[in-house]
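One-based numbering along the sequence shown.
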Amino acid sequence: PLVVATAAPHGLAHTGGGGSSVALFNRYIVRSFASSHSSYVQDLGKKSFYLGSEDKAALEAYLALEGHVRVPQNFVPLGRRVSAIRRAFKKRRLSPADVAWLEGLDFVWDMKSWQWERFSRALRQYIELNGNPHVPLKFKVPSEVPWPEESWGFSLGVAVMNIRHSEVYIKHHPERKQELDDLGFDWSPRETSWHEFRSALDVYIELNGNPHVPRSFKVPSEAPWPE
């Protein structure tokens with residue numbers, strides 16, 4: 001369906017140039033559909049990929065609104081155009097001038113690699129602040145320093161769960177799995193929780209002579225209790 005912007009696209013925050021940016025989006029969307037949706041397919045059949053002035057105007061508008069050009073694919077038609085640009089880059093069908101221009105916008109050529117790097121940086125920051133990689137399921141990256149800005153609002157806890165259960169980010173990438181192993185990534189949290197519980201209970205019994213732990217008891221942060 002044809003979508004014409006009358007304000008900033010959903011989920012985008014104005015960072016400057018709001019009115020003119022909206023106008024650029026409208027021009028891009030209307031002209032793209034006016035020249036027929038098949039233009040995207042036609043580009044894929046050519047030996048070279050043409051990055052037109054409307055493409056550049058729309059990307060600059062998106063950058064002004066959002067602060068980056070990682071356009072979601074479902075933000076049509078620009079998202080689909082960005083996907084086509086990435087495919088053209090992989091096939092070496094972009095001109096050096098267009099590549100240089102896109103890199104000036106910090107264009108992301110490989111979103112899957114970028115997503116892994118975002119996760120990796122966020123996890124390392126979590127470990128630095130908390131001393132362990134045991135991220136709660138509901139944890140989201142705070143939108144503040146010292147967290148990496150590109151990870152603000154990122155559902156880190158969900159990402160950790162997806163890695164454990166579906167090998168998201170790491171499937172076919174043994175070097176990434178090794179990186180997580182080196183960070184002490186917890187692949188079996190239930191097993192880890194059991195061992196932690198048993199270690200603490202053993203110390204309690206040794207100190208108190210019985211396993212009758214009061215409901216309000218908390219493990220002290222000192223030896224001989226396990227860290």
Side-chain angles (χ1 to χ4, degrees), residues 8-15 65-75 106 108-227:
H10 179 68
L12 302 183
H14 284 281
T15 57
L65 289 167
E66 180 70 348
H68 62 78
V69 289
R70 300 184 300 275
V71 187
Q73 190 168 9
N74 61 2
F75 187 77
D106 289 330
V108 176
W109 301 108
D110 186 335
M111 275 303 297
K112 290 184 178 180
S113 293
W114 181 87
Q115 290 166 351
W116 159 254
E117 291 299 331
R118 176 183 61 174
F119 169 79
S120 178
R121 286 191 290 268
L123 180 62
R124 289 176 182 276
Q125 186 61 53
Y126 183 92
I127 294 172
E128 182 175 337
L129 295 175
N130 296 276
N132 65 72
H134 310 317
V135 186
L137 178 61
K138 295 182 179 180
F139 180 82
K140 290 188 177 182
V141 174
S143 299
E144 60 187 25
V145 294
W147 295 93
E149 187 172 351
E150 70 272 13
S151 68
W152 288 1
F154 177 54
S155 297
L156 184 60
V158 173
V160 166
M161 179 189 68
N162 287 337
I163 286 178
R164 289 192 186 112
H165 297 297
S166 305
E167 295 186 312
V168 174
Y169 305 139
I170 65 170
K171 193 172 185 178
H172 307 308
H173 291 279
E175 75 285 358
R176 294 178 181 178
K177 185 178 185 302
Q178 183 59 54
E179 180 180 333
L180 293 178
D181 286 338
D182 293 342
L183 292 174
F185 189 82
D186 192 355
W187 299 100
S188 304
R190 290 185 179 180
E191 183 177 344
T192 299
S193 297
W194 164 251
H195 285 307
E196 291 175 348
F197 166 77
R198 186 56 189 267
S199 297
L201 181 61
D202 287 344
V203 173
Y204 185 92
I205 293 174
E206 183 178 344
L207 295 177
N208 296 276
N210 64 73
H212 309 310
V213 185
R215 182 183 295 270
S216 60
F217 179 81
K218 291 185 178 181
V219 174
S221 300
E222 59 187 25
W225 296 95
E227 292 185 15

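For the pair K177/Y169, no side-chain contact is recorded, criterion being any heavy-atom separation below 4.5 Å from C-beta on. I163 has its side chain within reach of I170: a pair of non-hydrogen atoms, C-beta onward, lies under 4.5 Å apart. At least one side-chain heavy atom of L123 sits less than 4.5 Å from a side-chain heavy atom of L180.
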Please list every donor-acceptor pair under 3.5 Å in which a side-chain atom of residues 110-119 meets a protein atom from a residue at least two apart or in another chain.
from : atom 1 : to   : atom 2 : distance (Å)
D110 : OD1    : K112 : N      : 3.1
D110 : OD1    : S113 : N      : 3.2
D110 : OD2    : S113 : OG     : 3.1

Exercise answer: donor-acceptor pairs, residues 138-145 side-chain atoms, under 3.5 Å, sequence neighbours excluded:
none

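For the pair E179 and R124, the salt-bridge criterion is met [side-chain N within less than 4.0 Å of a carboxylate O].
Across every non-hydrogen atom of P133 and L183, the tightest pair is CG-O, 3.9 Å. The two residues A122 and W147 have their closest heavy-atom pair at O-CZ3, 3.4 Å.
Among residues two or more places apart in sequence or in another chain, the side chain to side chain donor-acceptor pair (under 3.5 Å) test is passed with E149 by none. Listed by chain and number, the residues in a ring-ring contact (aromatic ring centres under 6.0 Å, His included) with H173 amount to none (sequence neighbours excluded). Under the rule for a salt bridge (charged side-chain N to carboxylate O under 4.0 Å, His left out), the partners of E150 that lie at least two apart in sequence or sit in another chain are R121.
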Going through the distances and angles, do W152 and F154 end up as a ring pair (Phe, Tyr, Trp, His ring centres under 6.0 Å)? CA-CA 5 Å; W152 288 1; F154 177 54; over 10 Å; no

Take Y126 and H134, measure what side chain to side chain contact (heavy atoms under 4.5 Å, CB included) needs, and give me the verdict at the end. CA-CA 9 Å; Y126 183 92; H134 310 317; 5.6 Å; no

Between V69 and V108, is a side chain to side chain contact (heavy atoms under 4.5 Å, CB included) present by the stated rule, with each step listed? CA-CA 8 Å; V69 289; V108 176; over 6 Å; no

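The closest donor-acceptor contact from the side chain of N130 to the backbone of E128 lies at 3.5 Å or more, if one exists at all.
A distance of 5.5 Å separates CG of D186 from CZ of R164, quoted to the nearest 0.5 Å.
Sequence neighbours left out, not one pair with a member in residues 203-226 passes salt bridge (Lys or Arg N to Asp or Glu O under 4.0 Å).
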